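Here the structure is a predicted model, which is why all the values come from computation and not from measurement.
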Amino acid sequence: MMNCIVVDDEAHAIELLTLHIEQTPFLKLVGSATNPAEALQLLNSTEVDLIFLDIQMPGMSGIELLQMLKDRYKVILTTAFREYALEGFDHHVVDYLLKPIFFPRFLMAAQRAQETVSTPISKKETEDFILVKTEYKGKLLKIKINDMVYIEGKGKYVCFHTKDGEQIMALLNIGGLEDKLPTDRFRRIHKSFIIAVPFITMIQGNTVQLEFTKNQIPIGQTYRDTFMTQMMDKVLTNKGKDEPGPIDPLR
């Protein structure tokens, strides 16, 4: 269970996030604040694991509060402006939610926060291969984790595309498979596609190009914001006053 607070100057935003938190089994709301000063008082008196933090607030902004907290808490930014969210990645935020915030997207961000403190992930990351059931009865096939370029869902089956150009069909559901793969290496970017992040060569518009394949992998709208968030620490941007600001690499 993660104790969380909501910091937002708009009452309806707090009410909506409160409703989302109540629907999330591993989250517990322990307080809310309408400005950063109230939030600091709350943090000093309450045990908190996760903060849902608005960026634009009167007096002190959410970014300024982040600078004061110095990475002591897990933070998910909430904002109506995508460009403001990117600044938060300099402070290692877990994710950002673009208003209006719908529950499916909220849940994805909350699960990512939970994963950062979850111990089973480290166990999964030590595994270097998996065994899958093929279309042939009684046959199990070994696939090395590092050989997987991307995985494509095809109804009741998935197809593993490997560095050697192999296409291995297995009797699996892509949703169940996602939970069994190392989270530091694989990202689901579409309802039908999981990719190996180390093999990314280019992100352009709503597609990803990978090594060892000429296929363009689509980025689904549902997964786009989370994927972009996870890629932000890899993006180099100019910091000078007169230089262009950060851009969205997926536009």
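- Distance check: I189 CD1 to M228 CE gives 14.5 Å after rounding to the nearest 0.5 Å.
- In the displayed structure, K191 atom NZ is contacted under 6.0 Å by at most 12 heavy atoms of other residues, nucleotides or ligands.
- Pairs passing the side-chain hydrogen bond (donor to acceptor under 3.5 Å, both in side chains) check and including a residue from residues 16-34, sequence neighbours excluded, read T34-E38.
- When every heavy atom of Q216 is checked against every heavy atom of Q209, the shortest pair comes out as NE2-OE1, 2.6 Å.
- Using a distance-only test at 3.5 Å, with no hydrogens or angles considered, a donor-acceptor pair links the side chain of T207 to the main chain of Q204.
- In this structure, CD on Q111 lies 8.0 Å from CE on M108, to the nearest 0.5 angstrom.
- Counting heavy atoms from C-beta outward, L43 and I51 have side chains that approach closer than 4.5 Å.
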Fill in: Check against side-chain contact (heavy atoms from CB on, under 4.5 Å), L53 and L65
CA-CA 9 Å; L53 179 62; L65 178 59; 3.7 Å; yes
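- Rounding to the nearest 0.5 Å gives a distance of 10.5 Å between OG1 of T162 and OH of Y150.
- Between I21 and V6, the closest side-chain pair of non-hydrogen atoms falls below 4.5 Å.
- Summarising the geometry, atom CG belonging to L29 is positioned 5.5 Å from atom SG belonging to C4; distances are rounded to the nearest 0.5 Å.
- Contact record, D9 with P58: OD2-CD, 3.5 Å, taken as the closest heavy-atom pair.
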Item to complete: Kindly indicate, with the supporting measurements, whether the criterion side-chain contact (heavy atoms from CB on, under 4.5 Å) is fulfilled by Q114 and L50.
Response: CA-CA 9 Å; Q114 184 188 39; L50 175 63; over 6 Å; no
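- Between I195 and F227 there is a side-chain heavy-atom pair separated by less than 4.5 Å.
- Cluster annotation: L107 and L27 are assigned to the same hydrophobic cluster (Ile/Leu/Val/Met/Phe/Trp/Tyr, side-chain heavy-atom contacts under 4.5 Å, transitive).
- By the 4.5 Å heavy-atom criterion applied to side chains, I55 and Y96 are not counted as neighbours.
- Within the 4.5 Å cutoff, no side-chain heavy atoms of R188 are placed close to those of I151.
- Counting only residues at least two apart or in different chains, salt bridge (charged side-chain N to carboxylate O under 4.0 Å, His left out) contacts with residues 154-164 comprise D147-K163.
- Within the 4.5 Å cutoff, the side chain of I130 has heavy atoms near those of the M148 side chain.
- With values rounded to the nearest 0.5 angstrom, Q56 atom CD is found 7.5 Å from D54 atom CG.
- In this structure, CG on L97 lies 8.5 Å from CG on D225, to the nearest 0.5 angstrom.
- Minimum heavy-atom separation, M57 to P36: CE-CG, 3.8 Å.
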Practice prompt. Kindly determine whether E178 and I194 satisfy side-chain contact (heavy atoms from CB on, under 4.5 Å), including the steps that lead there.
Written response: CA-CA 8 Å; E178 181 183 8; I194 296 172; 3.9 Å; yes
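- Residues L42 and V48 share a hydrophobic cluster, clusters being chains of Ile/Leu/Val/Met/Phe/Trp/Tyr side chains in contact below 4.5 Å.
- For R187, the side-chain hydrogen bond (donor to acceptor under 3.5 Å, both in side chains) criterion is met by Q230, not counting sequence neighbours.
- Judged by distance alone, with hydrogens and angles left aside, the side-chain atoms of R72 form a donor-acceptor pair with the main-chain N or O of L69 at under 3.5 Å.
- In terms of heavy-atom proximity, P218 sits nearest to H190 at O-CB, 3.5 Å.
- For F212, the ring pair (Phe, Tyr, Trp, His ring centres under 6.0 Å) test picks out F199, with sequence neighbours left out.
- Residues meeting the side chain to side chain contact (heavy atoms under 4.5 Å, CB included) test with M68, sequence neighbours left out: L40, M60.
- Hydrophobic clustering places F103 together with I14 (ILVMFWY residues linked when any side-chain heavy atoms are closer than 4.5 Å, directly or through intermediates).
- Heavy-atom minimum distance, A39 versus A33: N-CB, 3.5 Å.
- Hydrophobic cluster membership is shared by L141 and F160, with clusters built from Ile, Leu, Val, Met, Phe, Trp and Tyr side chains linked at under 4.5 angstrom.
- With hydrophobic clusters built from ILVMFWY side chains whose heavy atoms lie under 4.5 angstrom apart, F186 shares a cluster with I143.
- Pairs passing the ring-ring contact (aromatic ring centres under 6.0 Å, His included) check and including a residue from residues 35-70, sequence neighbours excluded, read F52-F106.
- Between I200 and L210 the shortest side-chain heavy-atom distance falls below 4.5 Å.
- Nearest heavy-atom pair, K99 versus D8, reported as atom, atom and distance to 0.1 Å: NZ-OD2, 2.8 Å.
- Here the side chains of M1 and D49 are not in contact, with every heavy-atom distance at 4.5 Å or above.
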